[in-house]
Amino acid sequence: MPELPEVEATRRHLAPVLTGAVVTAVDVRRERMLRRQPRPADFSDRLAGRRVESLDRHGKFLMARLEGDVTWVTHLGMSGRLRLCAPTASEEAHTNVVVALDRGREVRFVDPRTFGFVAAFLPDELAAGSMARLGPDALTGLPAPAGLAGRLAGRTAAIKPMLLDQGFLAGLGNIYADEVLFRAGIAPTRPAGGLSPAEIASLHAAIGPVLADGLAHGGTSLGDLAYLLPDGRAGEHLEHLAVYGREGEPCRRCGTPVRRAVLRARSTFWCERCQR
DNA sequence: ACCTCCCTGGCC
DNA sequence: GGCCAGGGAGGT
C-alpha cells in the first residue's frame, strides 16, 4: 500500500511530465475525494489553467506547486494510485478524479476504497491543515539519533505505534514500520521511552536503508495490486520484505517462524528471536 | 492516549 | 453472506 517509498516512486515517475505542464481540465467523478476541501468547487477552479512548477512530497503527501500559490495535494490513502495516461487510454474502474494536462496527458486518481483525497489549497489553508502538523520526513529529514532520543524520551506508548504517528515521523506506514523494527532488532511492543541509546542508534540506522530498498524496487505492491506505479507496473518489493505478511514463514535471518499479532488494530509481524 | 469511523474488493 | 485490510480524522 502507499507509504513513503510508494509515494516517492510515484512522484519520481510523474515529476518530469507534471513539471511545466498546464492543467487544461479537471473532472471529479467522486465528490468524496474532495472531502478535505472546504469548498469542493475550489479544486477545479484553482487548478484549471495553471502551470505546475514542481512536484514535492512530505511523508505520504504529494504536493504539486502551481502558479498563484496553489498547492495541489494528493494523499493515496490505502488503495489509491496515480496513473499517467493518454486521454484515449481505456479507463479502469474507480477512476475518481482526472486532471488533464496540455501535452496530451492525463493524471488519473484511481482509488477503490476512497480513503485517499485530493485538494487545492492556498497558503493559509495549507498552514492550518493537518499537513502542517507532520513530523520530519523519514527519508529526507530524519533527525539524528540524539534528536530521535529526545522525542522518544518519556513516551510510554509502544515503539511501533510511535513510528506510525505521522506527527512524530512522516512517511512510515504499517509495512515499513515492521520492516524498520526488524532491521533494528527491536520488538514492536517495546515502550518507546525505554529504548537504550544503542537501540535508538539501530533504529535510526535502519530507517534510511529500509525506505531506500523499498524505493529501489518501485515500492510494495501487495497481492491485491491496489498500489501500482503510474505506468501500470507493479512495485517489486514484496518478495524482499523481511517480516511483513510472512506469518509462520522462517525468519530470513534465523529461521524462526515469523509471528503476527494485532497491535492497535494493525497487523504486526516480527521475529521474536531477532527482535528484543 | 485511546477508540471509532470511513469504504470496497477479495477472500473464506 | 460476512469479515478483513488500514491512514487519518475526529471524538472521548
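The basis for the numbers below is simple: all heavy atoms, side chains too, and nothing from hydrogens, waters or symmetry mates. Letters go in sequence order (proteins before strands), and every chain restarts at 1.
Nucleic acid contact for A:Y244: sugar-phosphate only, since backbone atoms but no base atoms lie under 4.0 Å from a heavy atom of the residue. Counting any heavy atom pair closer than 4.0 Å across all strands shown, A:R133 reaches no nucleic acid atom. Within 4.0 Å (heavy atoms only), A:S79 reaches no atom of the nucleic acid at all. A:R155 comes within contact range of the sugar-phosphate backbone alone, with a heavy-atom separation under 4.0 Å but no base atom that close.
Considering only side-chain N and O atoms, A:H75 lies under 4.0 angstrom from the phosphate OP1 or OP2 of C:dG8. Note on A:S130: a side-chain N or O is less than 4.0 Å away from OP1 or OP2 of C:dA9. OP1 or OP2 of B:dT8 has not a single side-chain nitrogen or oxygen of A:H94 nearer than 4.0 Å. Applying the 4.0 Å criterion to OP1 and OP2 of C:dG7, one finds that A:R266 has a side-chain N or O inside that range. For the pair A:R30 and B:dT8, the criterion of a side-chain N or O lying under 4.0 Å from OP1 or OP2 is met. A close approach under 4.0 Å does not occur between any side-chain nitrogen or oxygen of A:T114 and OP1 or OP2 of B:dT8. Listed pair A:Q166 / C:dG8 meets the phosphate criterion, a side-chain N or O lying under 4.0 Å from OP1 or OP2.
Between the C1' atom of C:dG7 and the CG atom of A:L76 lies a distance of 11 Å, rounded to the nearest Å. Atom CG of A:D111 and atom P of B:dC6 are 17 Å apart (whole Å). In this structure, A:L263 atom CG and C:dA5 atom C1' are separated by 16 Å, rounded to whole Å. Between the P atom of C:dA9 and the NZ atom of A:K60 lies a distance of 11 Å, rounded to the nearest Å. Between the P atom of C:dG6 and the OH atom of A:Y227 lies a distance of 17 Å, rounded to the nearest Å. Atom-to-atom, CZ of A:R32 to C1' of C:dG7 comes out at 11 Å; the value is rounded to the nearest Å. We find that CZ of A:R264 is positioned 10 Å from C1' of B:dC3, with the value rounded to whole Å. In this structure, the CG atom of A:N174 is 10 Å from the C1' atom of C:dG7, given to the nearest Å.
Cation-pi geometry between A:R36 and A:F117 is met: the NZ or CZ atom falls under 6.0 Å from the ring centre, inside 45° of the normal.
Residues A:V7 and A:L62 meet the side-chain proximity criterion, which asks for heavy atoms closer than 4.5 Å.
Looking at A:H204, its side chain never comes within 3.5 Å of a backbone N or O of A:L142 through a donor-acceptor pair.
Interatomic distance, A:W270 CH2 to A:R260 CZ, rounded to the nearest 0.5 Å: 10.0 Å. A:L14 CG to A:T19 OG1: the interatomic distance, rounded to the nearest 0.5 Å, is 9.5 Å. Atom-to-atom distance recorded for A:L211:CG and A:Y176:OH is 7.5 Å, nearest 0.5 angstrom.
Nearer to the 5' terminus of DNA chain B, by closest-nucleotide assignment, is the contact made by A:G154 (compared with the other of A:G154 and A:A265). Both A:F61 and A:R260 sit near DNA chain C, but only A:R260 has its closest nucleotide nearer the 5' end.
At a cut-off of 3.5 angstrom, the base of C:dA5 holds at least one donor-acceptor pair with the side chain of A:R113.
Between the side-chain ring of A:F115 and the base of C:dG6, a stacking contact exists by the 5.5 Å and 30° definition.
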